[in-house]
Every structure is written in C-alpha cells, then in structure tokens.
Amino acid sequence: MSDVVLVLIALAAWIVVGLVTALWMARRGHRSPGWMFMGAVFGPVLAVTAGERVEHAPQGPPPAGTAEGQGLLRVLVGVDGSPESRQALRTAVHLFGPYAPTLVAAVVADYDSAEAERAGDPAAAVRRRIGTPDRDVTPYLTGYEVLAGPPAEALGRYARENRMDLVVVGRHGRGLSKRLMGSVPQALLREGAVPVLVTGGPGAPRRR
C-alpha cells in the first residue's frame, strides 16, 4: 500500500472521529454548526475534550441573548498588537462569531503591567492592541481580558479555568512579542488541554 493511500486513510479517520464526536455532542445539546467544523479540523483532539465539555455543560436556560438551539461555543483569542494577532481575531469572528455566545479577546502582559492595566480599563488595554475598531469584529466580542505571566501559560490557564472550547492565536508576533507569542502555539499544542487554532497571517487559518 502506497504512502499516499495511507495518508488519505489516516486523514479520513481523523475527520470521521471528529465528526462522530460532534454528532455525539449534538445529541447532548451542543448543536452549534461550529462543532462540526471543529470536529473536521481537530478530529480526535475534540474527542478528548468533548467528555469534559458535555459533563460540565450548564444546566437550565441558556444565557441571556443566546438564541434557542444555538450552541454554547466558548472561544478565547490571544492578541498582542501584531498584524498576525489581529488577523487571528478576524478569523475567529469569521469562523465562530455567529455561533459563540462567548468570544473573549485577551492580551498577556508582565505581572506589573497587567496589574496597572487591570486597575484602569482592561477593555481599553485590549482595544489598543487590536487597533482601529473593525465593525465586523467588535459586535461579536463579549469580553476583554488582561492576563499576566508567560503568554502560553496565561492563555492556557485562563482557557482551563473558564472552560473555553478553543484558543485562537496568530503564528507570530511583533518585536519582543515575536519571541514570546511565537512560541505560544507550540506550547499550547504540547499542553493539549484545549484545542488550538493557529492562523498564518493574512491568508487562511493554519489548522493544527
């Protein structure tokens, strides 16, 4: 059997496992179309996290402003002011905005800077990194966070503590953040606690 055939079989199995997981979640109340996309992209990774997501699903009526039948997809986007991170935010909104009642933009700063920005206006601190407001993006943002510590550790910790379903980050940052944020996708992927979508800049998102 050729290598190409083996690769195609592995790819098909990856997608099937993810889609079956998404269908299983739909039968348990997670009916957002975004789960089918995540299943096709993340495959067995979604299967690993689906059990905990379903087990800890909120009981009772959906949050205010959530349409009946809409899923409860929770998305965290790391931004650092670079064009790549702004593209990551636009990609997250484009793919998940209509299906994510929780879509949080977060910046990561050192402990001293984070404390000062939190004492002021965290939303303004995040908006400064985002840059010029994008009318296609801001209506979907439900929260702004200033996190402290190493970027991957801070994003991962926030994602776990707030039961986020997906973390979206850009592949590279700018200046010092290029060295910091550039390692974030690899660190988050190694941790494996939450599915990660890595965008590759101005083009289409890079899927991992």
Side-chain angles (χ1 to χ4, degrees), residues 32-35 37-42 45-46 49 71 73-109 114 117 122-208:
S32 167
W35 289 114
F37 172 83
M38 290 182 66
V41 174
F42 296 106
V45 178
L46 179 62
T49 60
L73 192 63
R74 301 172 64 83
V75 179
L76 173 66
V77 186
V79 296
D80 64 357
S82 66
E84 289 81 4
S85 73
R86 288 194 290 270
Q87 180 60 39
L89 182 60
R90 287 191 292 268
T91 298
V93 167
H94 176 71
L95 294 176
F96 307 111
Y99 317 113
T102 300
L103 203 163
V104 178
V107 301
V108 183
E117 291 184 326
V126 177
R127 291 191 188 102
R128 282 197 296 272
R129 269 72 165 198
I130 296 174
T132 304
D134 189 328
R135 287 178 293 180
D136 295 330
V137 169
T138 52
Y140 290 102
L141 291 177
T142 62
Y144 302 85
E145 294 288 343
V146 177
L147 309 179
E153 178 183 321
L155 290 170
R157 180 172 61 249
Y158 182 91
R160 291 191 305 272
E161 292 177 351
N162 293 274
R163 303 195 185 284
M164 308 305 287
D165 300 301
L166 178 69
V167 178
V168 181
V169 291
R171 185 168 47 176
H172 295 296
R174 178 179 61 187
L176 174 62
S177 67
K178 183 172 184 178
R179 295 193 293 274
L180 296 177
M181 294 297 287
S183 64
V184 170
Q186 290 82 0
L188 288 170
L189 288 165
R190 284 196 302 270
E191 184 177 298
V194 181
V196 180
L197 178 63
V198 183
T199 66
R206 184 182 182 186
R207 301 167 183 174
R208 294 291 184 92

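Along the sequence shown, residues are numbered consecutively beginning with 1.
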From Tyr140 OH over to Leu89 CG, what is the distance, rounded to the nearest 0.5 angstrom?
12.5 Å

Could you check Leu166 against Leu73 for side-chain contact (heavy atoms from CB on, under 4.5 Å), going step by step and ending with a plain yes or no?
CA-CA 8 Å; Leu166 178 69; Leu73 192 63; 5.6 Å; no

What heavy-atom pair brings Val198 and Gly170 nearest, and what distance separates the two atoms?
CG1-C, 4.4 Å

Please say which of Val107, Leu141, Val104 ends up in a side-chain contact (heavy atoms from CB on, under 4.5 Å) with Val126.
Val107

Is it true that a side-chain atom of Arg86 and a backbone atom of Gly81 form a donor plus acceptor pair closer than 3.5 Å?
yes

What residues, two or more places apart in sequence or in another chain, satisfy side-chain hydrogen bond (donor to acceptor under 3.5 Å, both in side chains) together with Arg157?
Glu153

Set out, in order, the CA-CA distance, both residues' side-chain angles and the distance that settles side-chain contact (heavy atoms from CB on, under 4.5 Å) for Thr102 and Asp165, then state yes or no.
CA-CA 10 Å; Thr102 300; Asp165 300 301; over 6 Å; no

Member of Leu95, Val169, Thr91 meeting the side-chain contact (heavy atoms from CB on, under 4.5 Å) criterion with Thr199:
Thr91

What's the verdict on side-chain contact (heavy atoms from CB on, under 4.5 Å) for Val77 and Phe96, showing C-alpha distance, side-chain angles and the deciding distance?
CA-CA 11 Å; Val77 186; Phe96 307 111; over 6 Å; no

Run the numbers on Gln87 and Glu84 for side-chain contact (heavy atoms from CB on, under 4.5 Å), then give the verdict.
CA-CA 5 Å; Gln87 180 60 39; Glu84 289 81 4; 5.7 Å; no

To the nearest 0.5 Å, what is the distance between CG (Leu103) and CE (Met164)?
7.5 Å

Taking only residues at least two apart or on different chains, which pairs with a member in residues 138-150 satisfy salt bridge (charged side-chain N to carboxylate O under 4.0 Å, His left out)?
none

Got Leu155 and Leu147 here, is their nearest side-chain heavy-atom distance under 4.5 Å?
yes

Give me the atom names and distance for the closest heavy-atom approach of Val75 to Ala100.
CG2-CB, 4.2 Å

